[in-house]
Undergrad: 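A single structure is presented below for examination.
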Amino acid sequence: MSFKLPEPMLLALAEAEAAGKRGEVPVGCVIADRAGTILAKTGNRTLADRDPTAHAELRAIREAARRLDSERLTDCDLFVTLEPCAMCAAAISFARIGRLYFGVADEKMGAVENGPRFFQQPTCHHRPEVYGGIGAEPARALLIQFFRERR
């Protein structure tokens, strides 16, 4: 029996692929409300924007907050192809995202299951439900191909 990826993760993978084609690290992110309405979908743009904070998660959080006219995204789910870094984990917490779904774990820079494990820190004010490994294989393949072409 095969597992069908949720539509928002498929969209996040498409955003990651597009980011990779632009020369950005192929990470994509989608934010959906609990009814499944897509509020934001984007990929990394750190190079294009000359902005070290232009990670897919931050860009998606900004767009969803604008669309909802609220700094709180409590009834939203965030789908991202790579385990969030510390900066993005903090933003997810501050935005009060309800559920986080991520693809491939990031042993080097990840901050959810790896590194500082941001949501497990006593100073973390909001902890989303976390589901890792969703779409890990296609997300990993995009990253491997991207970095292989650059070496």
Side-chain angles (χ1 to χ4, degrees), residues 5-140 142-143 146-147:
L5 289 177
E7 183 66 23
M9 186 56 85
L10 293 172
L11 293 171
L13 287 163
E15 290 292 330
E17 186 173 8
K21 288 179 180 176
R22 292 191 306 271
E24 303 278 356
V25 174
V27 177
C29 183
V30 168
I31 296 179
D33 66 18
R34 293 292 164 89
T37 302
I38 304 300
L39 301 172
K41 60 180 182 168
T42 189
N44 275 356
R45 287 189 55 92
T46 59
L47 298 174
D49 292 355
R50 299 289 187 246
D51 179 357
T53 70
H55 289 198
E57 299 96 320
L58 290 180
R59 296 183 71 239
I61 288 168
R62 289 174 185 141
E63 177 62 25
R66 268 194 296 276
R67 286 205 47 202
L68 293 176
D69 194 29
S70 175
E71 74 284 5
R72 300 286 189 246
L73 305 176
T74 54
D75 292 324
C76 295
D77 299 333
L78 187 145
F79 296 79
V80 64
T81 57
L82 182 65
E83 177 182 359
C85 69
M87 174 180 68
C88 293
I92 289 165
S93 178
F94 291 143
R96 307 297 196 265
I97 297 286
R99 293 183 291 217
L100 164 64
Y101 299 86
F102 71 86
V104 66
D106 185 351
E107 293 178 12
K108 184 176 179 183
M109 293 298 296
V112 176
E113 291 182 347
N114 291 285
R117 297 182 178 176
F118 188 87
F119 302 128
Q120 295 177 20
Q121 298 303 314
T123 54
C124 180
H125 295 286
H126 170 77
R127 294 162 179 83
E129 294 175 32
V130 176
Y131 304 93
I134 310 299
E137 290 310 312
R140 181 178 291 110
L142 285 171
L143 289 162
F146 177 82
F147 287 111

Undergrad: I want to check something: taking the side chain as every heavy atom from C-beta on, are Asp75 and Asp33 in contact at a cut-off of under 4.5 Å?
TA: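 A side-chain contact under 4.5 Å is absent here.
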Undergrad: Look up atom CG in Leu58 and atom OG1 in Thr46, then write down how far apart they are to the nearest 0.5 Å.
TA: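 Reported value, rounded in 0.5 Å steps: 11.0 Å.
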Undergrad: Under 4.0 Å between a Lys/Arg side-chain N and an Asp/Glu carboxylate O for Asp51 and Arg45?
TA: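 Salt bridge: no.
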Undergrad: Would you call Cys85 and Asp106 a side-chain contact if the rule is heavy atoms closer than 4.5 Å?
TA: no
Undergrad: Can you find a pair of side-chain heavy atoms, one from Glu57 and one from Met87, that are under 4.5 Å apart?
TA: no
Undergrad: Considering non-hydrogen atoms only, spot the tightest contact between His126 and Ile92 and give its length.
TA: CD2-O, 4.3 Å
Undergrad: Does a side-chain heavy-atom distance below 4.5 Å link Leu68 with Leu73?
TA: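 Yes. Closest side-chain heavy atoms under 4.5 Å.
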Undergrad: Start with the C-alpha gap between Arg117 and Glu113, add the side-chain angles, then the distance that decides, and say whether salt bridge (charged side-chain N to carboxylate O under 4.0 Å, His left out) holds.
TA: CA-CA 5 Å; Arg117 297 182 178 176; Glu113 291 182 347; over 6 Å; no
Undergrad: Where is the tightest heavy-atom contact between Val25 and Ala19, given as atom of each residue plus distance?
TA: O-CB, 3.9 Å
Undergrad: Any non-hydrogen side-chain atom of Ile31 less than 4.5 Å from a side-chain atom of Cys76?
TA: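 SC-SC contact between Ile31 and Cys76 confirmed.
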Undergrad: Are side-chain heavy atoms of Phe119 and Pro128 found at a separation under 4.5 Å?
TA: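 Contact flag for Phe119/Pro128 side chains = yes.
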Undergrad: Side-chain contact test, heavy atoms from C-beta onward, threshold under 4.5 Å: evaluate it for Val130 versus Phe102 and give yes or no.
TA: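 When only atoms from C-beta onward are counted, Phe102 and Val130 do touch, with a gap below 4.5 Å.
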Undergrad: Are Arg99 and Leu78 close enough that some pair of their side-chain heavy atoms sits under 4.5 Å apart?
TA: no
Undergrad: Are the side chain of Glu24 and the backbone N or O of Ala48 linked by a donor-acceptor pair below 3.5 Å?
TA: yes
Undergrad: Flag the pair Glu63 and Arg59 as a salt bridge only when some basic side-chain nitrogen lies within less than 4.0 angstrom of an acidic carboxylate oxygen.
TA: no
